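Numbering of ligands and ligand atoms starts at 1, following listing order. None of the values given here were measured: they were computed from a predicted structure.
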Amino acid sequence: MFEELIRSWDGEFVVTHFDEESGAWMFICIHSTTRGPAGGGTRMRTYASPADGLEDAMRLAGAMTLKMAAVDIPCGGGKAVLAIPGPLDAATRRDLLLRYGELIDSLGGAYRTGPDVNTTIADMDVIGERTPHVFCRSTERGGSGDPGPYTARGVFHGIRASVRHVFGSDDLSGRSVLVQGVGDVGARLAEQLAESGARVLVADVDGQRARELADRIGGGVVDPERVTTHECDVYAPCALGGTLSAESIPGLRCRIAAGSANNQLSELDDAARLRDAGILYAPDFVINSGGVLHAWGKEMLAWSPEIVEERLAGIGDALTAIYERAEAEEITTAEAAERIAHSRLTA
Ligand code: NAD
């Protein structure tokens with residue numbers, strides 16, 4: 001089954017390793033090194049089969065190539081999956097991460113990792129005990145720390161650019177923004193929006209978290225079951241992927257969909273469904289790139305805090321260019337983002 005997947009993949013190479021001690025499979029997928037070393041996080045989860053883990057890593061690695069190119073970071077795309085057989089105790093997890101760090105190190109810098117679903121800054125510190133090719137270690141260990149605040153700032157700039165495109169001004173005062181998921185990214189985004197005068201609505205399956213945040217920033221709470229039918233100017237998905245779909249789009253009552261979640265579209269056709277419904281879609285891999293810009297910029301490219309801030313604001317400019325190209329070429333914003341990324345890859 002691996003053979004078929006690897007043969008049909010359009011990436012450069014795949015490293016697979018079975019970790020006997022933990023029963024986990026390690027998959028490192030290097031999709032492209034055309035623009036520099038392959039960067040992308042490490043996801044840890046249990047899959048129905050190891051092949052599903054490999055397939056996930058391949059798909060995510062391709063998306064990282066696009067993301068790096070779309071926001072013009074001189075890196076290629078890669079992704080790793082640690083497909084674990086089930087929950088691991090702390091010692092087994094740590095030992096797995098140390099061996100995984102050795103595997104990354106053996107690639108000599110062709111792949112550089114960071115956190116992703118179910119891996120943390122503390123995990124990056126452990127990996128960093130075996131290899132320097134890891135981003136987002138804690139600041140105490142010399143890393144750039146939590147990418148969440150920077151992702152949030154990038155989304156904030158992206159929302160402003162989207163509001164400007166739709167309403168002619170990026171003034172957020174009085175604009176309603178519904179933030180779905182107020183975790184690491186969503187909570188900070190909601191705070192920034194509120195500080196800028198937006199009318200902020202929040203929804204989270206953790207109702208208490210949503211209520212406390214809303215009280216603190218003077219916002220409202222929306223039932224998490226009703227997010228995709230609630231009226232607002234901007235819907236900001238910051239929880240799960242796949243919330244924009246053939247089922248949800250007809251019910252949306254917003255003008256803009258712009259948030260941090262990965263894989264917001266259930267399928268590519270949803271980009272056209274959104275356009276046809278008159279909803280401006282900010283391609284997820286562009287608007288949520290602030291964390292990568294900060295970590296890779298600071299740790300690999302030695303960017304100063306000023307350059308990081310400029311590049312975060314540049315996410316808004318990148319989206320504006322995408323919107324203009326989509327209109328000029330009568331394509332969806334998702335297609336426009338991909339075209340811009342591909343033209344950088346072939347330049
Ligand atoms: P997080 O786990 O800190 O927060 C997610 C929040 O969403 C939690 O509060 C959770 O209770 C809530 N949630 C889960 N299911 C929900 C639902 N059905 N309805 C409403 N709320 C729900 O995650 P995060 O780091 O804030 O990331 C949010 C999203 O952004 C994820 O999709 C992540 O992949 C993506 N992302 C994050 C970063 C980053 O730097 N953290 C970077 C790029 C993309």
Fill in: Pairing of Arg93 and Asp123 as salt bridge, 4.0 angstrom limit
yes

Fill in: Name of the residue among Asp276, Asp270, Asp269 meeting side chain to side chain donor-acceptor pair (under 3.5 Å) with Arg273
Asp270

Worksheet item: When you check the side-chain N and O atoms of Glu327 and His165, is any donor under 3.5 Å from an acceptor?
Response: yes

List, pair by pair, the atoms of ligand 1 and of the protein that are both N or O and lie under 3.5 Å apart, giving the separation rounded to 0.1 Å.
unit_1, atom_1, unit_2, atom_2, d
ligand 1, 3 (O), Asp184, N, 2.9
ligand 1, 9 (O), Asp204, OD1, 3.4
ligand 1, 9 (O), Asp204, OD2, 2.6
ligand 1, 9 (O), Arg209, NH1, 2.4
ligand 1, 11 (O), Asp204, OD1, 2.6
ligand 1, 21 (N), Val205, N, 3.4
ligand 1, 26 (O), Asp184, N, 3.2
ligand 1, 26 (O), Val185, N, 2.8
ligand 1, 30 (O), Ser260, O, 3.3
ligand 1, 30 (O), Ser260, OG, 2.9
ligand 1, 32 (O), Ala239, O, 2.9
ligand 1, 34 (O), Asn262, ND2, 3.1
ligand 1, 40 (O), Thr151, OG1, 2.7

Item to complete: Would you please say whether a donor-acceptor pair under 3.5 Å links the side chains of Ser138 and Asp125?
Response: yes

Discussion item. Can a side-chain donor-acceptor contact be found between Thr113 and Tyr111 if the only test is distance below 3.5 angstrom?
Written reply: yes

Worksheet, complete the sentence: On a heavy-atom basis, the closest approach of Ala210 and Val202 is O-CG2, 3.5 Å

